[in-house]
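Heavy atoms only: backbone and side chains are in, while hydrogens, waters and symmetry mates are out. Both counts, for ligands and for their atoms, begin at 1 and track the order of listing.
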Amino acid sequence: MDIFCPQVKPYECLSLPRVQFWVRIMKEHALFIKLGLACKDVELIRQAEQFYGVFASYEKEAECFSCEEHFMAFVEKIMVDVKKIFAFKRHILHLLVHCEIGGYNYPLLIDHISREAMYFLKLLGKIRDRDMKYPVDSIVSDNVFWLRHMADHARFIAGLLDPSERELVEKANAFAVQFEKLELQARDLDSMLWHSAPNNNLVRFEQDATKATTKLRDFKMAARDLISACKVVSLIPPLLADHVLREAEYFLQVLDTIQEDLRSIENQPIMTCDF
Ligand SMILES: [Fe+2]
Ligand SMILES: [Fe+2]
């Protein structure tokens, strides 16, 4: 993570970019929800706009803090609104799956962004408790979360590209299949390594996840550039393309942190069984 706030303590310098990242993500989620609502749902549109304003003002506020107390007070304040936006997203999802509202928001997209709000809430809780050993959950649970989200992104891209873009739709679907497999493998590892120290298999898995995510990040970057230059037909706004790209870059940073932790066991001899 970049340290760009030199006058505060290193601890805040590490946490602040993460908070800034997620505040912007929450703001953009509010915009995406609004854009996908039907025009007649004026009250929901108003609430989405309100959330956009709340997180836009946090974005301005989240610069430098004169002392740790101010930063921690800011963290507590954001937690309140992240809980509210989480509840709002779940409410929209409830209305969608019960066919009480229409519009163009995929229910899975709303579910996805509600999971991201919960992830941010957990992260803020860890910052508040000064517990930053792992990104949010245990190493493997964090992988499960992010691999699922990378698979979802690929599914959203495939579903929002114009059907005539057959080549790109195929590529996006291939990424979705690859990440769904990686997610299942991460779940298996999570269960196998429960209450146990990380092993060399996990080290190899993290390397595979990093390779796959780097390729997906490159694909998202190419898609973002094509969409921004109007060289592809789709229902994907350039901001959404950029949003999913930034999330892939964030996951690569999480993978980096995980791999740093695992590097210490990499040189240990692999346990073998002689049958
Ligand atoms: Fe997001
Ligand atoms: Fe996402």
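A donor-acceptor pair under 3.5 Å is absent between the side-chain atoms of Tyr58 and the main chain of Asp81, judged by distance alone.
Pairs of residues two or more places apart, or lying in two chains, that qualify as salt bridge (Lys or Arg N to Asp or Glu O under 4.0 Å) and include a residue from residues 209-227 are Arg224-Asp242.
Using a cut-off of 4.0 Å between Lys/Arg side-chain N and Asp/Glu carboxylate O, Lys77 and Glu61 are scored as salt-bridged. The pair Glu170-Arg166 does not meet the salt-bridge criterion, since no charged nitrogen lies less than 4.0 angstrom from a carboxylate oxygen.
Considering only heavy atoms from C-beta on, Val54 stays 4.5 Å or farther from Ile85 through its side chain. Contact of the Trp22 side chain with the Tyr119 side chain is registered, since non-hydrogen atoms from C-beta on lie closer than 4.5 Å.
By the criterion of a separation under 2.8 Å, the protein N/O/S atoms near the Fe ion (ligand 2) amount to His112 NE2, Glu116 OE2, His153 NE2, Glu247 OE1.
Within His29, the N, O or S atom lying nearest to the Fe ion (ligand 1) carries the name NE2.
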